[in-house]
Structure formats: C-alpha cells, structure tokens
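Worksheet: one structure, shown below.
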Protein chains: 2
Amino acid sequence: MADASDLPTDSSPPAPQAPAPRERARYHHGDLAHALLGAVRELVERDGADRMSVSKACRMAGVSTAAPYKHFADRNDILRSLCDIGFDELRAAMQAAHDGVADPGEARVAEIGKAYVAFAAANPGLFRVMFGMKRELISPSDEDYGLEAKACFQVVIGDVAEASGLEPGSEPAMRLAIMLWTFVHGVSTLLIDGDYEVTEVPVNTDALVEAAARGLLQGGPPRAG
Amino acid sequence: MADASDLPTDSSPPAPQAPAPRERARYHHGDLAHALLGAVRELVERDGADRMSVSKACRMAGVSTAAPYKHFADRNDILRSLCDIGFDELRAAMQAAHDGVADPGEARVAEIGKAYVAFAAANPGLFRVMFGMKRELISPSDEDYGLEAKACFQVVIGDVAEASGLEPGSEPAMRLAIMLWTFVHGVSTLLIDGDYEVTEVPVNTDALVEAAARGLLQGGPPRAG
DNA sequence: AACATAAGTTAGCAACGCTAACATCGCGTG
DNA sequence: CACGCGATGTTAGCGTTGCTAACTTATGTT
C-alpha cells in the first residue's frame with residue numbers, strides 16, 4: 001500500500017476488471033486507484049488542493065471513505081502520486097514543443113517555455129501542488145523524489161546551450177537555463193494566481209515568454225550565480 | 001466584526017488593556033486580534049497555511065476556540081488580514097530598498113528586486129498566502145482587494161522607466177516592469193518552494209536578479225504583450 | 001447604579017483524516 | 001473442485017477542525 005506510481009499517466013493496462021458501467025454495483029471497484037486519482041485531480045482543479053477532501057473523492061468514485069487507504073498511505077500520498085502524473089505530462093508537453101520546432105534557436109526555447117505556461121494554465125491546481133507542496137508532500141527520507149522534475153529541466157538545457165552558443169553543460173549555460181526557467185515559472189504562477197490583474201493592463205504571456213527568450217539569450221550569460 | 005485591517009502592522013496603539021504578563025488570568029484578553037494574527041503568522045510559517053488551524057492559534061493565545069469569531073468573520077478572514085500586513089511590510093521593504101540607492105539605474109531596480117526576494121525568503125509561508133490564495137480568500141464582491149499589491153507594484157514602475165530610458169507610464173515601460181516583476185517573483189517562488197534543488201547546482205538568487213535587471217533593462221522593451 | 005455592548009465562555013454540529021475490525025471477492029493451489 | 005488466503009472493499013468510531021448558538025462577564029456611557 002504505497003504510492004501507485006506504477007500507474008503513470010492514464011493508459012489503462014488490462015485493468016484487472018474494467019468498471020462495467022451498469023452491472024449490479026459490484027463489491028470490488030476494480031480500478032479504484034485510477035478512479036481516485038481522477039476524482040482528486042478534478043477536485044484539485046475545482047476547489048484547490050487544500051479544499052480537496054478524500055471524502056469527496058470517495059463519493060465521486062462511489063466507495064466508502066476508508067477505501068482509499070488500501071491503495072494510498074494517506075492523503076499526501078495521493079497528492080504525491082498526482083504529482084508524478086503531472087510531471088510526466090509536463091515533460092511530455094515540453095518534449096512535444098521541442099519536437100515541433102526543427103531548427104535550434106530562440107524560437108524553440110520560447111516554444112518550450114510557452115508549453116510550460118500552457119500546462120500551468122490548463123492545470124492550475126495540479127501545477128500548484130507540483131511546485132508548491134514539496135515541503136509538505138515529501139518526507140526527508142525519499143531521495144529520488146524530484147526525478148520527474150529533473151527530467152523536465154533536462155528538456156530545456158540542451159536547447160538553451162544550442163540557442164545561446166554556450167558550451168553545453170557548462171555553468172554559464174546552466175545559469176542561463178535557470179534564468180529562463182525562473183522567468184517562465186514566474187509567468188505561470190502570476191498567471192494562474194490572477195496576480196497580473198494588479199497591473200491593470202492586459203498581459204500577453206506568450207509575448208512575455210518570447211521577449212524573455214530573446215532578451216536573455218541575446219544578452220549573454222549572467223556573470224555569476 | 002470584520003477584518004481588523006485597522007491593525008496595520010504591529011505598532012500597539014493605546015491598546016485598551018495591554019495583556020499584563022501575570023495578573024490573574026483575566027477574562028478579557030485585551031488584544032486578541034493582534035495576538036491571533038501573531039500566532040497565525042507563526043503557524044503559517046511553521047506548518048504552512050493549509051496546516052495552520054485556528055484552534056492551534058487559540059491554544060497559543062490562551063483563549064477558547066470560539067473567541068476568534070468575535071474579531072474575524074471566519075478563518076479566511078484571518079488570512080486576509082494577515083495578507084494586508086504582509087503587503088504592507090513588502091511595500092515598506094521595497095520602498096526602503098528604493099531609498100537606499102540614490103541614483104536611478106539598473107542597480108536600484110535590482111535592489112528592489114532583491115528586497116522582494118528577501119521578503120519571500122524571510123516569510124515564505126506568508127508570501128505564499130499573499131500571492132497564492134487569492135481565489136480562495138477574496139469574495140467576488142470586494143473590489144478594492146489588490147490595493148496593497150498594487151501599491152507594491154507602483155514602487156518599481158517609476159524606477160524601471162528611469163533605468164530603461166522609456167517614457168514613464170508608457171506601455172513599453174509597463175511591459176518591462178511586468179517582466180522584471182515576473183522574473184523576481186519566479187525567483188521567489190522557486191526559492192521558497194525548494195525547486196531550485198532539481199538543478200543540482202547552487203543558485204545565487206541575488207546574482208540572478210542582478211543579471212535579469214541588466215539583461216532585461218539593456219535588452220530594450222518587449223515588442224508586444 | 002443601570003444597562004447596552006463588546007468580548008469572552010461552554011456545548012455541540014458536521015466534515016474531515018485515519019484506524020480497527022469485519023466482509024467479500026478473486027485467484028492460485030492441494 | 002474445495003479451499004483458503006490475500007487483496008480490496010465495508011461499517012464504526014476516534015480525534016481534530018471550522019463554525020454557531022446560547023450564555024456569562026467585563027467595560028464604559030448616561
């Protein structure tokens with residue numbers, strides 16, 4: 001009864017017993033882990049992670065409030081599993097953006113950044129859990145937590161080096177990649193939290209990302225840090 | 001019984017009855033609103049906003065769990081009041097950074113940005129509440145919510161125009177200010193959420209902010225957005 | 001002194017996270 | 001094929017929480 005991280009995205013393998021639509025409410029749900037993650041994901045988007053309750057997810061899945069604890073250690077474990085799914089999807093989206101632009105350069109980096117922002121905009125609740133609940137979700141013991149997040153970061157750093165002309169893997173290239181990630185992450189959080197409203201001017205996030213890619217890639221590497 | 005936003009920062013006015021240290025536990029606390037906000041702030045930093053409970057704050061303040069509702073409408077109202085305090089402090093910190101650098105230019109903008117990041121680093125829990133719980137805290141009715149946040153933003157935009165040579169109040173200057181805010185906010189969130197750890201290289205946030213101020217201010221305004 | 005009001009109290013509800021103990025199903029093995 | 005055992009459900013219940021209702025006590029005005 002651990003983390004169900006062996007249920008990566010959404011592809012349903014043989015599925016021991018597909019939950020037949022109407023066949024006399026069966027005692028065993030058959031695919032509760034997935035069903036719960038789906039319900040929780042919906043709730044996280046609808047109400048936010050803190051208002052999400054396991055009980056509500058149980059009602060949605062049509063099971064008792066004790067059922068989840070046969071599949072997940074606790075509430076946090078459910079959110080942790082949801083994070084795994086989220087990072088997988090984010091990495092896929094970034095990879096797709098990379099694959100969509102043939103020639104290296106600012107444009108490709110910008111597209112990856114836009115994909116990052118688009119993921120956040122499409123999954124604001126999940127995005128907040130993925131990046132904002134680390135301290136609460138991970139126990140100090142598990143070391144290999146940020147693996148999926150690292151995989152996301154890996155997608156960019158090669159392209160950044162290529163687009164900037166810096167030595168791939170060098171520290172300046174790394175710093176530049178960090179700066180671009182920082183900017184794109186800032187766009188994402190300010191966007192989904194509705195904080196751009198205080199500027200009283202419309203904010204075009206795509207244009208913002210493009211401008212940052214242009215400005216930071218051409219401006220050369222940071223001197224230190 | 002509303003918001004106690006008339007208790008701005010922490011200066012204790014005459015205080016109807018200063019809570020005398022040891023004078024036979026008095027029935028009336030005397031300054032419960034402030035005491036609660038202090039306890040809640042401590043809890044928000046220690047446990048995070050979602051694990052913060054009004055009950056714990058009551059235990060800390062030495063009152064019953066029903067007492068807070070004589071001063072605040074509900075739990076969210078307490079967090080709202082805490083946000084008011086936070087934005088006030090943030091604006092003061094940014095203003096102080098502004099005042100600390102005589103001549104306009106990149107350096108001044110960078111200092112304000114560093115003050116922003118420093119505030120987040122010193123008050124991570126509060127910072128998350130301030131910028132991340134808007135949807136949950138504000139009711140669609142109250143219009144004048146983001147006033148304190150707007151005041152913070154106002155501190156920078158003048159300096160950005162000065163440092164970039166753009167027309168103050170013009171849209172390009174506005175866009176540039178938004179980009180700098182975006183970057184600095186990205187640094188803050190990635191820092192306090194521990195997400196920079198996935199880069200596996202040490203990240204010097206001050207250097208990051210300085211590099212962004214340099215790169216974005218010299219790179220000229222974004223073309224659109 | 002009388003009294004209205006502000007600011008505390010206790011008691012209690014519903015929802016939640018989680019556990020313990022019990023029930024049922026499905027699958028592998030004698 | 002019976003058996004049984006583990007996986008996966010159930011009900012019952014504990015402690016905590018947010019919040020309300022009804023009551024009590026202090027404060028300050030007239």
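Numbers restart at 1 for each chain; the letters A, B, ... are given by sequence-line order, proteins then strands. Bear in mind that the values here come from a model prediction, so they are computed numbers and not experimental data.
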Query raised in the report: Is the B/Tyr116 to B/Phe127 ring centre distance short of 6.0 Å?
Result: yes
Query raised in the report: Separation of A/Lys70 atom NZ from C/dC18 atom P, in whole Å?
Result: 15 Å
Query raised in the report: B/His34 has an atom NE2; how far is it from atom C1' of C/dA7, in whole Å?
Result: 16 Å
Report summary line: Whichever of A/Thr65 and B/Ala66 has the more 5' nearest nucleotide on DNA chain C, that residue is B/Ala66
Requested in this report: Look at the side chain of B/Val63 and decide which nucleotide, out of D/dT11, C/dC16, C/dT9, has an atom nearest to it.
Outcome: C/dT9
Query - A/Lys56, nearest nucleotide to its side chain (from D/dC19, D/dT17, C/dC16) - result: C/dC16
**Report entry** Closest to the A/Ala67 side chain, choosing from D/dG9, D/dG18, C/dG8
**Finding:** D/dG9
Query raised in the report: What is the distance, rounded to the nearest whole Å, between atom CG of B/Leu36 and atom P of C/dG8?
Result: 9 Å
Requested in this report: Answer yes or no: is there a donor N or O on one side and an acceptor on the other, between the side chain of A/Arg51 and the main chain of B/Glu136, under 3.5 Å?
Outcome: yes
Query raised in the report: OP1 or OP2 of C/dA15 sitting under 4.0 Å from any side-chain N/O of A/Arg59?
Result: no
Query raised in the report: So, is A/Ser53 near the phosphate of C/dC16, with a side-chain N or O under 4.0 Å from OP1 or OP2?
Result: yes
Query raised in the report: Using a cut-off of less than 4.0 Å, is there contact between a side-chain N or O of B/Ser55 and OP1 or OP2 of D/dG18?
Result: yes
Query raised in the report: In whole Å, what is the span from the CG atom of B/Asp31 to the P atom of D/dT27?
Result: 14 Å
Query raised in the report: Is A/Lys114 salt-bridged to A/Glu111, going by a charged N under 4.0 Å from an acidic O?
Result: yes
Query raised in the report: Do you see a donor-acceptor pair shorter than 3.5 Å between the side chains of A/Asn123 and A/Arg41?
Result: yes
Query - For atom CG of B/Leu43 and atom C1' of D/dT16, their distance in whole Å - result: 14 Å
Report summary line: Atom CZ of B/Arg75 and atom C1' of C/dA15 are separated, to the nearest Å, by 14 Å
Query raised in the report: How about A/Arg75 and A/Met52: do any of their side-chain heavy atoms sit closer than 4.5 Å?
Result: yes
Requested in this report: Output the single nucleotide from C/dT9, C/dT19, C/dG8 whose closest atom is nearest the side chain of A/Tyr69.
Outcome: C/dT19
Report task. Would you mind reading off the distance between A/Phe72 atom CZ and D/dA7 atom P, rounded to a whole angstrom? Result -> 16 Å
Query raised in the report: Distance check: side-chain N/O of A/His71 vs OP1/OP2 of D/dG9, anything under 4.0 Å?
Result: yes
Report task. Using whole Å, report how far CG of B/Asp50 lies from C1' of D/dT17. Result -> 14 Å
